[in-house]
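Scroll down for the structure; my scribbles are underneath it.
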Protein chains: 2
Amino acid sequence: MKSLAKALLVMDLLVSKNEEMSVTEISNTLEMPKGTVHRILASLVKYKYARQDHETKKYGLGIRFYMMQSPLDRFKALRAVMNPLMRELYLKCKETVSAASLMDDEIEYIERFESEMLLRVSIRVGTRFPAHCTATGKVLLSALSDAELTQLYKSRGRLKKCTETSVTSMRELKKSLEKVREQGYARDREETLIGVNCMASPIYNLKGEMVAAISISGPRERMTPEKVAELMPLLQETTAKISQELGAPNIDAAPAGKLAHSAKS
Amino acid sequence: MKSLAKALLVMDLLVSKNEEMSVTEISNTLEMPKGTVHRILASLVKYKYARQDHETKKYGLGIRFYMMQSPLDRFKALRAVMNPLMRELYLKCKETVSAASLMDDEIEYIERFESEMLLRVSIRVGTRFPAHCTATGKVLLSALSDAELTQLYKSRGRLKKCTETSVTSMRELKKSLEKVREQGYARDREETLIGVNCMASPIYNLKGEMVAAISISGPRERMTPEKVAELMPLLQETTAKISQELGAPNIDAAPAGKLAHSAKS
DNA sequence: CATGGTTGTTCCAAATTGTGGAATAGCGTT
DNA sequence: AACGCTATTCCACAATTTGGAACAACCATG
């Protein structure tokens with residue numbers, strides 16, 4: 001199989017270099033015509049074995065490779081995919097856009113674009129919050145089964161109350177998560193911090209596991225119900241695009257997928 | 001590219017299943033004719049993206065995939081490849097055959113077939129020895145550059161003397177390693193343990209890095225110079241075969257390759 | 001021991017598919 | 001504006017993949 005052989009050689013090269021390469025670079029190294037290399041790359045990209053940087057036009061390894069690497073590399077790949085689409089979303093809404101994933105019963109922010117408004121939500125990468133009182137957290141928890149959820153909170157007693165509006169009982173939380181599952185997104189009205197409203201939507205990887213969630217957060221005065229309703233399609237469009245880039249299956253089918261085990265480090 | 005697409009689908013399936021599958025199994029799942037699946041698998045095997053278990057005839061992921069996984073998985077894959085060929089060697093020489101890799105200035109045994117003779121060398125997986133006074137260790141150290149070697153031993157003072165014949169000075173060691181590089185193998189005469197002789201030969205991975213070494217060890221009385229000379233071709237044949245299965249480049253060209261960084265855990 | 005039902009593997013004519021040089025388009029620099 | 005550099009598209013030729021069917025090898029079962 002000649003065509004397959006050539007494609008595998010291209011993959012080999014990308015694996016061994018482990019950095020992005022241009023079409024001509026590959027073409028020269030492997031002594032293949034540019035047209036051929038390009039066609040191969042297009043197919044590899046289609047099946048997520050390679051990916052093209054839309055800015056530099058260079059090609060690198062795709063998510064299918066990162067999926068089987070260490071959790072650390074996986075996060076790196078995830079961030080690389082999220083970054084440009086999060087920036088796009090930020091430019092549209094001008095509020096702080098952030099991404100987080102679940103670490104035990106907390107969420108940890110892994111990427112963000114901070115609003116430049118005078119009054120804004122300021123979040124640093126690495127920051128953690130209790131999952132149960134953030135929109136992002138509720139989205140991430142919604143991927144857990146009832147059993148997993150009770151397991152997670154079994155030795156933790158009553159839920160910490162961040163603000164007056166935080167949910168504090170397991171029953172309330174479960175009911176809330178039920179709604180999140182139906183809607184496919186979560187909101188929080190000053191549950192994390194007084195004066196801050198937030199909305200979040202999930203990201204799935206190519207196995208259909210929820211790996212992170214993206215949120216828009218801003219001050220109560222700007223994040224009115226109307227504004228949230230206006231931004232929600234944009235947010236969901238963004239998370240859908242990211243999920244798609246990650247190779248997630250059935251884009252609009254009912255989620256209810258498993259939550260990917262998050263890394264400790 | 002239809003043929004590539006199909007091949008990638010086969011790979012996808014192997015990745016997601018993460019266990020060996022038969023041709024018909026794949027053929028049914030993907031609804032492709034058996035002939036096509038077989039042809040694709042043959043090509044994937046050729047380029048180390050898949051491998052066939054010669055006993056069960058089933059196909060699984062190849063070393064190219066394991067190469068980019070966590071060090072732990074890499075060791076698992078390495079052992080899977082070494083095991084049958086080490087057994088073969090053991091059956092031919094009836095002496096203890098073992099494999100070890102370098103961990104700092106020690107070697108750690110990662111696989112072994114123990115002789116069933118009354119007087120035999122008994123080694124457990126996980127055991128460690130100072131690298132400088134074992135044949136295996138000398139082989140592994142021979143892949144290091146002069147700079148790396150001094151770096152490794154810089155804060156360790158005089159080399160530990162295992163037996164009377166052990167090398168103890170850095171100068172002696174370097175001279176000894178020079179010889180190992182020339183020969184492509186190492187021997188030790190009661191340098192680790194009084195009464196025990198040993199011979200070792202290196203294994204390279206598909207990047208040309210030395211990842212482990214295999215040794216035959218036995219009591220001085222049986223491991224005479226003549227016996228060693230008789231067994232050496234068998235040992236080298238075995239390590240060559242393993243290296244080849246791992247996809248090592250230029251089988252008989254001058255090694256002088258880098259030593260792969262070994263895992264800590 | 002033969003038989004039926006598995007499996008993996010091989011074969012080959014038909015035609016669909018990949019080929020790769022050359023043309024095009026797009027981008028940044030001179 | 002013209003140049004040199006990319007990535008990308010195009011297309012007629014032909015080499016390649018295709019996949020059904022035949023084969024071989026194995027293992028239960030009758």
Side-chain angles (χ1 to χ4, degrees), chain A residues 1-15 17-63 65 80-81 83-85 87-88 244-245, chain B residues 1-63 65 80-81 84 245:
Chain A
M1 294 189 79
K2 219 166 178 180
S3 70
L4 213 195
K6 291 189 181 182
L8 294 179
L9 283 178
V10 171
M11 278 175 52
D12 284 0
L13 185 63
L14 288 175
V15 168
K17 273 265 180 179
N18 206 33
E19 61 182 284
E20 305 197 330
M21 296 179 78
S22 65
V23 173
T24 33
E25 208 174 337
I26 297 173
S27 155
N28 290 332
T29 315
L30 270 56
E31 293 173 12
M32 288 184 196
K34 277 197 296 185
T36 305
V37 171
H38 188 265
R39 183 159 26 82
I40 288 169
L41 285 170
S43 288
L44 289 178
V45 167
K46 187 172 171 187
Y47 290 90
K48 311 286 175 192
Y49 278 88
R51 73 182 292 271
Q52 184 178 27
D53 187 312
H54 293 299
E55 295 207 349
T56 64
K57 295 284 177 186
K58 288 185 171 185
Y59 291 87
L61 292 175
I63 354 273
F65 280 105
V81 172
N83 191 293
L85 289 159
R87 146 167 267 128
E88 217 173 80
Q244 198 178 2
E245 277 215 37
Chain B
M1 295 187 81
K2 218 166 177 179
S3 70
L4 213 195
K6 291 190 180 184
L8 294 179
L9 283 177
V10 171
M11 279 175 51
D12 285 359
L13 186 62
L14 288 176
V15 168
S16 62
K17 273 266 181 178
N18 207 33
E19 61 181 286
E20 304 197 330
M21 295 180 78
S22 65
V23 173
T24 33
E25 209 174 336
I26 297 172
S27 156
N28 289 333
T29 315
L30 269 52
E31 293 174 10
M32 288 184 197
K34 275 196 300 183
T36 305
V37 171
H38 187 266
R39 183 159 26 82
I40 288 169
L41 285 170
S43 289
L44 289 177
V45 167
K46 187 173 172 186
Y47 290 90
K48 309 283 175 192
Y49 278 88
R51 73 184 291 271
Q52 183 177 28
D53 188 312
H54 294 299
E55 297 208 346
T56 64
K57 296 285 178 185
K58 289 187 171 185
Y59 292 87
L61 292 176
I63 355 269
F65 280 104
V81 171
E245 276 216 38

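Contact annotation for K6(A): backbone-only contact, meaning every heavy-atom pair under 4.0 Å involves sugar-phosphate atoms and none involves a base.
Looking at heavy atoms from C-beta onward, I40(A) lies out of side-chain contact with I26(A) at the 4.5 angstrom threshold. Between L30(A) and V37(A), the closest side-chain pair of non-hydrogen atoms is not below 4.5 Å.
Ring pair H38(B)/Y59(B) is perpendicular by interplanar angle, where above 60° counts as perpendicular and below 30° as parallel.
Of all heavy-atom pairs between K48(A) and E245(A), the closest is NZ-O, 3.3 Å. In plain terms, the two heavy atoms of M32(A) and S27(A) that are nearest each other are O-OG, 2.7 Å. The shortest heavy-atom contact between S43(A) and L4(B) is CB-CD1, 3.7 Å.
Phosphate proximity of dA7(D) to T24(A): present, with a side-chain N or O under 4.0 Å from OP1 or OP2.
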Original post:
Does the pair M21(B) and T29(B) meet the rule for a side-chain contact (heavy atoms from CB on, under 4.5 Å), with working shown?
Top reply: CA-CA 10 Å; M21(B) 295 180 78; T29(B) 315; 4.2 Å; yes

**OP:** Might you work through the side-chain contact (heavy atoms from CB on, under 4.5 Å) test for M11(A) and L44(A), ending with a clear yes or no?
**Re:** CA-CA 9 Å; M11(A) 278 175 52; L44(A) 289 178; 3.7 Å; yes

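For the contact set between residues 27-53 of chain B and DNA chain C, defined by any heavy atom under 4.0 Å, the members are K34(B), G35(B), H38(B), Q52(B).
In this structure, M1(B) atom CE and dT18(D) atom P are separated by 11 Å, rounded to whole Å.
Taking 4.0 Å as the cutoff to heavy atoms of chain B, we find the contact window on DNA chain C bounded by dT7(C) to dT19(C).
Where M21(A) and K2(B) meet DNA chain D, the nucleotide closest to each residue was compared, and M21(A) sits on the side nearer the 5' end.
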